[in-house]
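Report on one structure; see the data block that follows.
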Amino acid sequence: MFRTALSLAAFWLPLILASAPVEIVEKVATSRDAHDDSRYLLPKVSEPINYNLFLDITNYDFYSYNGTVEITFRYTGDQNHFYLNSDGLVIATESIKVTGPDGTDVPVANVIYMEEFEQIYFGFRDRLQTREQYKIAISFLNNIGTELKGLYRSSYMAGNTTRYLATTHFESTYARSVFPCYDEPSYKATFNVKIRHRSEYRALSNMPAINSVTVGDYTETTFDTTPLMSTYLLAFVISDFKTLSHESDRFRVFAAESKVAHTGYALEFLGNSLRTLENFFGRQYQLPKVDLIAIPDFAMGAMENWGLITFREQYLIYEEGVTTARTKQNIADLITHELTHMWFGNEVTPEWWTYLWLSEGFARYFEYYITSQLEPTWNLWQQFIVNNVHSALSQDCNSNNRMMSYYATEPAVLNDLFDYVVYAKSASVIRMIQNVIGFDTFRQSLNDYLRSRSYLTTRPQYLYTSIEKFRTVDLPASIELIFESWANTPGYPVVTVSIDRTKRTLTASQKRFWMPNELDTPPQNMLFYIPVNYGTNVPTSTNFEDTTPTFWLTPQDPTATVSLEAGVEWVVVNKQQTGYYRVNYDDESWHKLIEVLNSEQFEDQLPVINRAQLVDDVANLARAGEVGYDVALSLMQYLERETEYIPWATAYNALLHLDRMFSSHEEYSRFETFLRTITGCMYENILLTGPMDQISRLHRGNTVYLACYSGVKKCLDDAHALANKAVQDSSFTIPEEVQASVFCALHKYPSATLNVQTDLFEKYVTSANSPEDLDMINRFLASVGCARNETIMEYYLTLSAYNYPGLPVTAGQRSQIYLGLINGSPGTRQAALQYLYEHFSTVTYLLTSVTPIFTELGNRINTRLQHEVLKNIVDEYGHMLTTAAKAAADAALVKAEQNIRWIEKHAESITSWLVEQDYEGTTAQPPGGGAVAYSVGIAVAFGCAILQISSNVLIR
């Protein structure tokens, strides 16, 4: 499964600032509380062999269903009872029938519904026969909800008509909400599925249909028997979707009829990716077909149901000239990710969710490796560093992080394990081990592992055995000890490097890295087996492609000293950032690296990945107080000449964090000058309407934002030109990849004529007829946080609290306005806070929820005045909040206090550096900021636009 954070599923929500582009990211890891109550586990007294499942899903518009299941099982205990999972099902107790090994009925003495543990107990008068086969038949029924889990109802628009479909999502514990079963991954069985449905729909399941009988308005579709598999992999969809393929084709992609024409890229890539995976693993795909289906409402990015892989609709639909580069890349890598699961997860299944990383970690690794073979110009193996290594390092630095192999039994916890730990961190650790043992050994080991556990369950020890079987390199300990030091230990280390240039030695030591805060105590200093390598300026150690370890730091020897060759001026540890750790250096070594980055040969001397590593490490080490901000900012100065995407993608988050934290300071304009200076060259190479290769488009959809946001003149000119064209040419749409940049520029640096902004706003509001149009409106509203004009802020706040005739604003759009203002400048945030305080009842009534509002306030508040207003809100209105909202509000106060203390700690050193480097500050308004009279002019223009829009709509 490929999970994306639901808070970012609506991609227009800002990452740091009002309309800054966002990446697909995983959820924040759950804390390491005890969730290991064994009563949630099925007692191991029986095991399934086969399910005969019949479902009647003929209810019009899919509101309910009923069904029967006959489970053939083997009794493995020596008692008189067994258990099944069931959650929320209405079961006809009188329908329960158990037959014994000889086919005769076995009377059920009692049935107990253990709702808390989602189980049913079946008791008998006599002891059951060990190792013999039994059958149990049960009838059941349930509603079909819309909660994106179990069996649920989805919908889409066909013209003005709403069309419905029924679809499934069972991972981790939702199969039990659809039919009684052994809903744990270790209980593998075969499935025979038959579905009765209305004849205007088509039923799909894991296996091909082998029979279809239509009687009147209804059709019964019978599917072939599945291979041995876990319940969470079962799937079925009943819809009127179409496909470009033929019925007998091995590869098919299904989507709504209006979108199926745009599934061609996904279909082509599906075949190429599967064949490449088959070749790499030396094993054929196991089923006779693989279907991909685009679901309009889907909680995850995709789900690896064997033979019927479900996707969020946007990740199968590619339209040339419309679909963003990021989405096209997601289509490709998600397809590869889910296909990898056909081996890692489906054929070889982790025996419990503790080892979910054995499935998701390898799927994430190969989604990058295999896709990079098929789309070599995308530089995916470089992108792996930013999207996985850096992403995981940024989240894995708290006291309450959990380990990769995390044991839990509660369904609520199991269903929340799909975060960065099992995806980004696990893939990063796997990549580290691959570089330690060598790629050829890695491939041989995985092929052996898959062969040895085919159609069985697995745990890490089987993987370690296969690696040991083929490894040829010397290691300081067994593969198991090395791997387990990462899998069973939360967090990661920072390797501190000190160079003695007199003795020509390098000393490295390890300690656990963490990001200090006011709430948590420092974590225990757990130690790891760390492979260390390094590159230098001398010819014998400039090969950054050789990533084998030079030496190790171990739990027994956490410090090591090695000799350096004569002539070594600078050292970079962790070549190509193959190790999952940060690196800190002594001051002189940092400054030597800064000199290299600011030299004419920086691109030749330091590979692009290591340049990105240095930016990421120094920014986070400064944030943690391990190095000074003078060092961090001096290093990031080199970005003025950097044009590669990977370092900029890394710097993007670091710079936005600095911007957010420092934005309330009186010398903030100096920082804006710094941003404007370092982004200028990058912008000249990429432009809002520049090169259209994949990497340039990723650049454009991400880091070009910084240039427009900081006021690079050419970026502003280009943004206003695009906006003018959108107003004047009704057929032109501002490309989605640059909408955030253009809309932010319009709000922060509005056109002197005012007409472009108001005309564009009117155009979007009055002509929104499709989901894509509504998405654009939301992006426009998200950019309001870029505004610096008080009257414009007041206008949007009023829009969030009152209904204008003829100008319907949804609750979601009101929330988006608020989030945009909160995520923007101190001015927009202060205005939003004050307005919330003065109109609390009205605002909270019209918003969908205030919980995310409080959460974002905690993340963004960085002044005492803002903190005081938030405290007033909580003190005065806290009794009116729900439990969740009150908890978010209380947490916001604590987090805001931490932000303020960060400012108090670091502002002086940042200011001193900006002054020393002669970055100019100004008290004047930025271009387009406007004086009071100018602000009123904008307000009047907006007011006229609203009246005009309202009049036009009312007249119609």
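Numbers here simply count residues along the sequence, with the first being 1.
Proximity of the aromatic rings of Phe280 and Phe366 is defined here by a centroid distance below 6.0 angstrom, and this criterion is met. In summary, the aromatic rings of Trp381 and Phe439 are positioned with their centroids too far apart to meet the 6.0 Å limit. Ring to ring, Tyr285 and Phe251 are not that close: their centroids are 6.0 angstrom or more apart. Checked against the 6.0 Å centroid threshold, Tyr152 and His169 do not count as a close aromatic pair. Aromatic ring centroids of Trp648 and Tyr645 lie 6.0 Å or more apart. In summary, the aromatic rings of Phe62 and Tyr164 are positioned with their centroids too far apart to meet the 6.0 Å limit. A distance below 6.0 Å separates the ring centres of Tyr51 and Phe191.
Atom CD in Glu304 sits 8.5 Å away from atom OG1 in Thr310 (nearest 0.5 Å). Distance check: Arg459 CZ to Tyr355 OH gives 7.0 Å after rounding to the nearest 0.5 Å. Note that NE2 of His337 and OH of Tyr365 are 15.0 Å apart. Values are rounded to the nearest 0.5 Å. We find the OG-CG distance between Ser245 and Leu267 to be 4.5 Å, quoted to the nearest 0.5 Å. Taken to the nearest 0.5 Å, the CG atom of Leu204 stands 12.0 Å off from the CZ atom of Phe236. To the nearest 0.5 Å, the span separating CG on Asp440 from CZ on Phe470 amounts to 12.0 Å.
For the pair Asn415 (side chain) and Ser172 (backbone), a donor-acceptor distance under 3.5 Å is present. Judged by distance alone, with hydrogens and angles left aside, the side-chain atoms of Arg471 form no donor-acceptor pair with the main-chain N or O of Thr441 at under 3.5 Å. Checking side-chain atoms of Asn702 against main-chain N and O of Ala649 turns up no donor-acceptor pair under 3.5 Å. A side-chain donor-acceptor contact under 3.5 Å links Lys289 to the backbone of Gly307. Under the 3.5 Å distance criterion, the side-chain polar atoms of Tyr581 are matched with a main-chain donor or acceptor of Pro531. No side-chain donor-acceptor contact under 3.5 Å links Asp333 to the backbone of Glu367. Under the 3.5 Å distance criterion, the side-chain polar atoms of Arg163 are left unmatched by any main-chain donor or acceptor of Phe241. A donor-acceptor contact shorter than 3.5 Å links the side chain of Asn610 to the backbone of Gln576. Here the side chain of Tyr580 pairs no donor or acceptor atom with the backbone of Lys425 at under 3.5 angstrom.
Looking only at atom types and distance, the side chain of Asn211 has no donor-acceptor partner in the side chain of Thr222 under 3.5 Å away. Using a 3.5 Å distance cut-off with no hydrogens or angles, the side chains of Gln286 and Tyr455 do not pair a donor with an acceptor. Judged by distance alone, the side chains of Gln613 and Asp616 never bring a donor and an acceptor atom under 3.5 Å apart. Between Thr173 and Asp183, the side chains place no donor N or O within less than 3.5 Å of an acceptor N or O (distance only, hydrogens not considered). Side chains of Tyr449 and Thr458: a donor on one and an acceptor on the other come within 3.5 Å. Remark: the Thr547 side chain and the Asn435 side chain contain an N/O donor-acceptor pair separated by less than 3.5 Å. No side-chain donor from either of Glu375 and Gln694 sits under 3.5 Å from a side-chain acceptor of the other. Judged by distance alone, the side chains of Glu347 and Ser454 do bring a donor and an acceptor atom under 3.5 Å apart. For Asp297 and Ser154, the side-chain atoms include at least one donor-acceptor pair closer than 3.5 Å. Looking only at atom types and distance, the side chain of Trp352 has no donor-acceptor partner in the side chain of Ser186 under 3.5 Å away. Side-chain contact check for Thr190 and Asn192: no donor-acceptor pair (N or O, by modelled atom type) lies under 3.5 Å.
Side-chain contact between Phe298 and Met303: present, with at least one pair of heavy atoms (C-beta onward) separated by less than 4.5 Å. Two residues are said to be in side-chain contact when any heavy atoms from C-beta on lie closer than 4.5 Å; Leu234 and Asn206 meet this criterion. The shortest side-chain heavy-atom distance between Leu292 and Phe269 does not fall under the 4.5 Å cut-off. Between Arg326 and Glu737 there is no side-chain heavy-atom pair separated by less than 4.5 Å. With contacts defined as side-chain heavy-atom distances shorter than 4.5 Å, the pair His262/Val322 does not qualify. With contacts defined as side-chain heavy-atom distances shorter than 4.5 Å, the pair Leu358/Val348 does not qualify. For the pair Val436/Pro549, a side-chain contact is recorded, criterion being any heavy-atom separation below 4.5 Å from C-beta on. Put simply, the side chain of Arg250 reaches to within 4.5 Å of the side chain of Leu274, judged on heavy atoms.
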Residues Gln395, Asp419; criterion side chain to side chain contact (heavy atoms under 4.5 Å, CB included); working and verdict: CA-CA 10 Å; Gln395 299 173 76; Asp419 57 26; over 6 Å; no

Steps toward side-chain hydrogen bond (donor to acceptor under 3.5 Å, both in side chains) verdict (Glu644, Gln382): CA-CA 11 Å; Glu644 291 286 345; Gln382 292 181 10; 5.9 Å; no

Candidate pair Asn379 and Ile695, rule side chain to side chain contact (heavy atoms under 4.5 Å, CB included), full reasoning: CA-CA 8 Å; Asn379 296 340; Ile695 297 302; 3.9 Å; yes

Working for side chain to side chain contact (heavy atoms under 4.5 Å, CB included), residues Ile479 and Ile437: CA-CA 9 Å; Ile479 278 290; Ile437 64 176; 3.9 Å; yes

Derivation of the side chain to side chain contact (heavy atoms under 4.5 Å, CB included) call for Leu339 and Leu270: CA-CA 8 Å; Leu339 291 177; Leu270 163 63; 3.9 Å; yes

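Summarising the geometry of Thr578 relative to Arg431, their closest heavy-atom pair is CA-NH1, 3.3 Å, with the distance given to 0.1 Å. Heavy atoms only, all atoms of each residue included: Leu456 and Lys188 are closest at O-NZ, 3.2 Å. Here the shortest heavy-atom pairing between Arg443 and Asn279 reads NH2-O, 3.1 Å. For Asn388 against Ser428, the heavy-atom pair with the smallest separation is C-OG, 3.7 Å. Taking both residues in full, the closest heavy atoms of Ala189 and Ile49 are given as CB-O, 3.4 Å, listed atom of the first, atom of the second, then distance. Closest of all the heavy-atom pairs between Ala427 and Arg364 is CB-CG, 3.5 Å.
Ion pairing of Glu247 with Arg252 is present here, as a side-chain N (NZ or NE/NH1/NH2) and a carboxylate O approach within less than 4.0 Å. For the pair Lys259 and Glu313, the salt-bridge criterion is met [side-chain N within less than 4.0 Å of a carboxylate O].
Both cation-pi conditions hold for Lys328 and Tyr318: the charged atom is under 6.0 angstrom from the six-membered ring centre and inside a 45 degree cone around its axis.
Taking the six-membered ring where the residue is Trp, Phe362 and Phe442 present parallel rings, their angle staying beneath 30° rather than reaching 60°. Relative ring orientation between Tyr423 and Phe418 is described as tilted, the plane-to-plane angle lying within the 30° to 60° band.
Around the CD atom of Gln461, the shell of radius 6.0 Å holds more than 12 heavy atoms that belong to other residues, nucleotides or ligands.
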